[in-house]
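A short write-up of the structure that comes next.
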Amino acid sequence: MKRFIGFVTKEFYHIFRDKRTMFILFGMPIAQIMLFGFAITNEINNVNIAVFDKSKDTETQKIINKISASSYFKIEENITNENQIESVFKKGKVKAVLVFEKDFIKNMQTHKHAKVQVITDATDPNVANTITNYVNAILLNYTQEINKNNKTSHQIQTQTQLYYNPELKSVFTFVPGVMTIILMLVSAMMTSISITREKELGTMEVLLVSPIKPFQVIIGKVFPYIFLSIINATIILLLGFFVFQMPVEGNLFLLAFESILFITTALSLGILISTVSNSQQTAMMLSLMGLMLPVIILSGFIFPVSSMPLPLQIISNIIPAKWFIIIIKALLLKGATLSVIWKETLILIGMTVFFIAVSIKKYKIRLE
């Protein structure tokens, strides 16, 4: 019995001395419960909206103040004509536009009802529905307040209009999201495993001391995966277009360029993972656990980033998938041009250059 107790004690010592095991046992559960608890929510908070007030009277101003005072919405812009509605949606910041009819207060006093049009960006159907429900709830609460002191009942009627996805098809959200996840995980994971395999077998040092330069070795290792990832992206887009009737409103050449750019970013991230991995198992674990959860939860694919706590919103900015989802939705559903998505494009280019530069530096240091 003493031998058995001694053996069990020895196993405990081995576990407690292994930092990676301790991280998996205690670090991952804590990280996951924090991510799931704060990021996974069907509620919306601080959603940017625009207001088109045709009436500009005291009643509409009270309603606007009530909406902006809530934690759900933030007035991002005040527009002055209908032509601005689509342009603010294409910029990607505004998720809804509230349009107050002309002579709003006059209609309330004379006809006992007035109209508010709620125009939503339906590229994310769940968010569009939630925004509409929240606006209706705020307007209902406002009418209840003003009816308390009035003998006659006043009503505010809402009219809903959906941009880019009038049928609220969820597949319009899932095709870009699934495409992003597949390209991110497959490209990063396969690249990191491929390079780590060379290191694990001891052949990477042979390649690095050969006449081939380090950056040529890295490019040579990832080039086949660029080609295969492009085929993957093409298959997903074709299935989305022909099977699910996914619209492709944007320029095809720009779509191809942005897809190749994101594939390159994912592959460069895989290279970076390989620099800190000494075995294929470690590379796979880092690729799956380090990328899968952040890509699915923090990229805005399923849950709106604006509704997350500020620290998670900041962390989401370093996830390439977030920027590609914005780009791919803008291209497929909104027909956006480069002038609209240039910031996201530059961010992806900057991430790619950073990942590759750090990876090449790491390999040069190891060579020396």
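Remember, it's a predicted structure, so these values are computed and weren't measured experimentally. No hydrogens, no waters, no symmetry mates; every other heavy atom, side chains included, goes into these values.
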Do [X] and [Y] land in one hydrophobic cluster if side-chain heavy atoms of ILVMFWY residues count as linked below 4.5 Å?
{"X": "L255", "Y": "F253", "value": "no"}
{"X": "L239", "Y": "F242", "value": "yes"}
{"X": "I226", "Y": "I236", "value": "yes"}
{"X": "V116", "Y": "V51", "value": "yes"}
{"X": "L254", "Y": "L332", "value": "yes"}

Test: E77 and K93 ion pair at under 4.0 Å: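 Not counted as a salt bridge, because no side-chain N and carboxylate O are separated by less than 4.0 Å.
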Ion pair present between K54 and E82, side-chain N to carboxylate O less than 4.0 angstrom? yes
Could you go through T265 and W323, starting from their C-alpha distance and side-chain angles, then the distance that decides it, and tell me whether this counts as side chain to side chain contact (heavy atoms under 4.5 Å, CB included)? CA-CA 11 Å; T265 306; W323 306 108; over 6 Å; no
Would F244 and F174 count as a close aromatic pair, with their ring centres under 6.0 Å? no
If you take all heavy atoms of [X] and [Y], which pair is closest and at what distance?
{"X": "M351", "Y": "I319", "result": "CE-N, 4.2 Å"}
{"X": "T173", "Y": "P125", "result": "OG1-CD, 3.0 Å"}
{"X": "L331", "Y": "A336", "result": "CD2-O, 3.4 Å"}
{"X": "I315", "Y": "I318", "result": "O-CG1, 2.9 Å"}
{"X": "D57", "Y": "D53", "result": "N-OD2, 4.4 Å"}
{"X": "I138", "Y": "S70", "result": "CD1-OG, 3.9 Å"}

Run K334 and V340 through side chain to side chain contact (heavy atoms under 4.5 Å, CB included) and show every step you take. CA-CA 10 Å; K334 300 179 182 180; V340 176; over 6 Å; no
If only side-chain N and O atoms count, and only distance matters, is there a donor-acceptor pair under 3.5 Å linking [Y] with [X]?
{"X": "S268", "Y": "T352", "result": "no"}
{"X": "N65", "Y": "Q61", "result": "yes"}
{"X": "K66", "Y": "N141", "result": "yes"}
{"X": "N165", "Y": "T123", "result": "no"}
{"X": "K95", "Y": "N48", "result": "no"}

Option passing side chain to side chain contact (heavy atoms under 4.5 Å, CB included) with F104 (candidates K106, K102, E101): E101
Please determine which of N83, I85, I79 meets the side chain to side chain contact (heavy atoms under 4.5 Å, CB included) test together with N81.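 With N81 as partner, side chain to side chain contact (heavy atoms under 4.5 Å, CB included) holds for just one option, N83.
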How about [X] and [Y]: do any of their side-chain heavy atoms sit closer than 4.5 Å?
{"X": "F89", "Y": "I119", "value": "yes"}
{"X": "I326", "Y": "I341", "value": "no"}
{"X": "I49", "Y": "V97", "value": "no"}

Counting only heavy atoms not in Y163, do more than 12 fall under 6.0 Å of its OH?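 Enclosed: over 12 neighbouring heavy atoms sit under 6.0 Å from OH of Y163.
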Verify the neighbour count for atom NZ of K169: are there more than 12 heavy atoms of other residues, nucleotides or ligands below 6.0 Å? yes
Look at the rings of F324 and F262 and say which category their plane angle falls in: under 30° parallel, 30 to 60° tilted, over 60° perpendicular. parallel
Evaluate side chain to side chain donor-acceptor pair (under 3.5 Å) for E258 paired with T345, printing each intermediate quantity in order. CA-CA 7 Å; E258 296 290 351; T345 302; 2.7 Å; yes
I'd like to know whether T132 forms a side chain to side chain donor-acceptor pair (under 3.5 Å) with N129, so could you lay out the CA-CA distance, the side-chain angles of the two residues, the decisive distance to 0.1 Å, and finally the verdict. CA-CA 5 Å; T132 303; N129 273 328; 5.5 Å; no
